[in-house]
Amino acid sequence: MAVVTRFAPSPTGILHIGGARTALFNWLFARHHAGGRFVLRIEDTDRARSSRDAVDAIVDGLRWLGLDWDGEPVSQFARAGRHAEVARTLLAEGRAYHCYATPEELTEMRETARRDGRSVRYDGRWRDRDPAEAPPGIDPVIRLKMPHEGQTVVADHVQGEVKVANRELDDMVLLRADGTPTYMLAVVVDDHDSGVSHVIRGDDHLTNTFRQFQLYGALDWIPPEFAHIPLIHGPDGAKMSKRHGAVGLAAYRESGFLPQAMRNYLLRLGWSHGDDEIIDTDQAIAWFGFGGIGRSPARFDMARLISINAHHLRVCDDQELMGLVIPRLGALLDGNLADDAVLRVLKGMPALKARAKTVAELADNAVFLTRIRPVPLDDDAARLLDGEARGRLGRLARLLDEIPDWSPQRLEELTRRIADEEGVKLGLIAQPLRAALTGAKASPPIFEVMDMLGRDESLGRLADALATDHRNS
RNA sequence: GACCCCAUCGUCUAGAGGCCUAGGACUCCACCCUUUCAAGGUGGCAACACGGGUUCGAUUCCCGUUGGGGUCGCCA
């Protein structure tokens, strides 16, 4: 049987971490199987809460994460007619019935049940009543007749065999009074109609599964297989909130996280393959399966995400990073990003990417290469350029001016020789030099920096620093 | 409250009865390397929630307790 998975978010908010991981698992499972399909369905039956912006956010988020779906996204709302038809069939077959209880009546019923310490369920008051007793002027809902005896057992690929006594299941609403389908009806019909073979979703749907299972039975349909993955909690173990990582995926992109890092992190949150931590996407597709999914909830850990991101940044292709960094540099420089500056950043990328944890940090660290002379010095840099340092730098500048080969090796040789002659440690020259060339006290290795900057720019920046007196500042 | 699920270092996890003196990764600390910052290397701190069983032997199996989470809508 062909494997078909789906991601079925409701467009009522942002695409958060939990949703992204659910999508990732579904995608990986489909791609793991030859011929597998991954479909996207927008559960927009709640018209009041659904929005176009939310749909866009979901689509953008999935694209950014690199999770491609097969075929066009399905709008659940557009299938409302089909859902209603199924409900009416069930009604005609006597497997469902009209219920005329008003919302007020149901609220009262629940409050009473809760007060008496009983479980809060619909009591089936219209289940066996003669439709002739229907009160006038009330549009009924259609409810499914759940069995009262026996138990419902779901063989979940993650949670194992999960069972519940059928008496715990109440007669759920299939079709609302206005003729629109409820979620319970819509998912079952849509999953069935689109041939979904495996439903991989959050643990919060586990208890819903019992009821959906009954609906499949009433329809004489074979239910798909289920895998309920544990939820992702906030760092404090409580449900994700805005304080935590419950911001949209877009926020992570803006913060400078790489999609490949995000996939890696999300994959390892709730799934494992021995001691493997860094897993690229091809490897993930090859390895992914239900066996590696854990049963307990995981907490979101920003430090770990950052660490994984730093790794992917280090191994990322330079050109790919340039594409991400250039817009950020442009913004940092108010659009004054010169072509030769871009070339310097490209040349410096191998050294730069090893020192950053996010793309945002990478851009910050690269900005010194793009500054237009004279480059501003920060306080630490200014402090390094004291009288003695300037004296040594002056001498170095004169020798540098005559050096035939502007290579990191020759530059280092020369500088070390001067340090020797002056009887000082290399750092006493290298640090002021760094301050003069980068305007900061930390940077990639200074001789590499000189190479990135090139002879003219390096000498120019050095001259600028020597010409300005920072001792009184 | 009822029902369902879960339980190994602070966090993510390995572990499928003896391989466990419980392993890896992140974080943190120390040292090494070193022109700074990183990276890297070495070492360290740190866990089987508790109580009963089953067994020659339990982190691993069963039961209970405690703790955490989820679901109980004409929301999805």
Side-chain angles (χ1 to χ4, degrees), chain A residues 8-12 43-46 48-50 76 99 101-103 106-107 110 113-122 139-143 156 158-160 162-165 168-170 172-178 180-184 186-187 202-211 228 230-231 233 235 237-239 265 268-278 294-308 310 314 351-352 354-357 365 380 384 412 415-416 419 425-435 438 440-447:
Chain A
S10 57
T12 53
E43 307 219 319
D44 51 359
T45 50
D46 185 343
R49 295 202 303 151
S50 297
Q76 190 161 60
C99 168
T102 61
L106 294 173
T107 302
R110 286 188 196 101
R114 201 176 288 275
R115 196 169 52 236
D116 296 351
R118 288 178 287 118
S119 60
V120 185
R121 280 176 263 138
Y122 172 67
D139 291 324
V141 297
I142 295 179
R143 286 182 185 270
D156 190 89
V158 174
Q159 307 296 349
V162 186
K163 51 190 81 165
V164 71
E168 301 291 338
L169 271 22
D170 63 358
M172 63 180 170
V173 172
L174 261 22
L175 209 62
R176 300 184 187 112
D178 64 1
T180 60
T182 60
Y183 162 76
M184 290 291 179
V187 254
D203 217 358
D204 49 341
H205 286 286
L206 185 58
T207 48
N208 286 335
T209 309
F210 296 127
R211 317 168 117 218
H228 287 89
L231 268 20
H233 291 162
K239 200 174 179 177
Y265 175 71
R268 283 289 289 104
L269 210 52
W271 180 89
S272 63
H273 184 271
D275 286 338
D276 295 304
E277 301 288 352
I278 298 297
R295 284 161 300 278
S296 50
R299 300 187 187 196
F300 178 78
D301 182 5
M302 183 58 96
R304 191 175 175 79
L305 206 210
I306 289 173
S307 166
I308 289 179
R314 283 200 293 279
L352 254 13
R355 288 169 171 72
K357 302 196 184 305
N365 293 349
D380 290 325
L384 280 166
E412 180 167 355
T415 311
R416 280 188 187 281
K425 290 193 155 192
L426 181 58
L428 282 174
I429 296 183
Q431 278 301 85
L433 181 57
R434 184 188 320 280
T438 71
K441 69 169 183 177
S443 81
I446 193 61
F447 305 112

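Lettering of chains follows the sequences in order, A, B, ..., and the numbering in each one begins at 1.
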_Euclidean distance for C1', B:rC20 against B:rG53 (whole angstrom)_ = 23 Å
*Does any donor-acceptor pair link the side chain of A:Arg304 with the base of B:rU11 at a separation under 3.5 Å?*
no
*For atom P, what is the distance between B:rC26 and B:rG41, given to the nearest Å?*
9 Å
*Could a donor-acceptor pair under 3.5 angstrom be found where the side chain of A:Arg355 meets the base of B:rA39?*
no
*A:Arg268/A:Asp276 ion pair, N-O < 4.0 Å*: no
*Which nucleotide, in any strand shown, forms a Watson-Crick or G-U wobble pair with B:rA7, with both distances under 3.5 Å?*
B:rU66
*Do A:Asp203 and B:rG70 share a donor-acceptor pair, side chain to base, under 3.5 Å?*
no
*With the side chain of A:Met184 defined as its heavy atoms from C-beta on, choose the nearest nucleotide among B:rU71, B:rC5, B:rA76.*
B:rA76
_Check the phosphate of B:rU35 against A:Arg416, side-chain N and O only, distance under 4.0 Å to OP1 or OP2. Yes or no?_
yes
*Taking the same atom, C1', in B:rA30 and in B:rC62, what whole-Å distance lies between them?*
46 Å
_Quick check: on RNA chain B, is the nucleotide nearest A:Val141 upstream (toward 5') of the one nearest A:Gly294, or the reverse? Name the residue that is more 5'._
A:Gly294
*Taking the side chain of A:Glu168 as heavy atoms from C-beta outward, which of B:rC3, B:rA38, B:rG24 is closest to it?*
B:rC3
*Short question: side chain of A:Asn365, backbone of A:Leu352 - any donor-acceptor pair under 3.5 Å?*
no
_Touch class at under 4.0 angstrom, heavy-atom based, for A:Arg295 against every strand present_ = sugar-phosphate
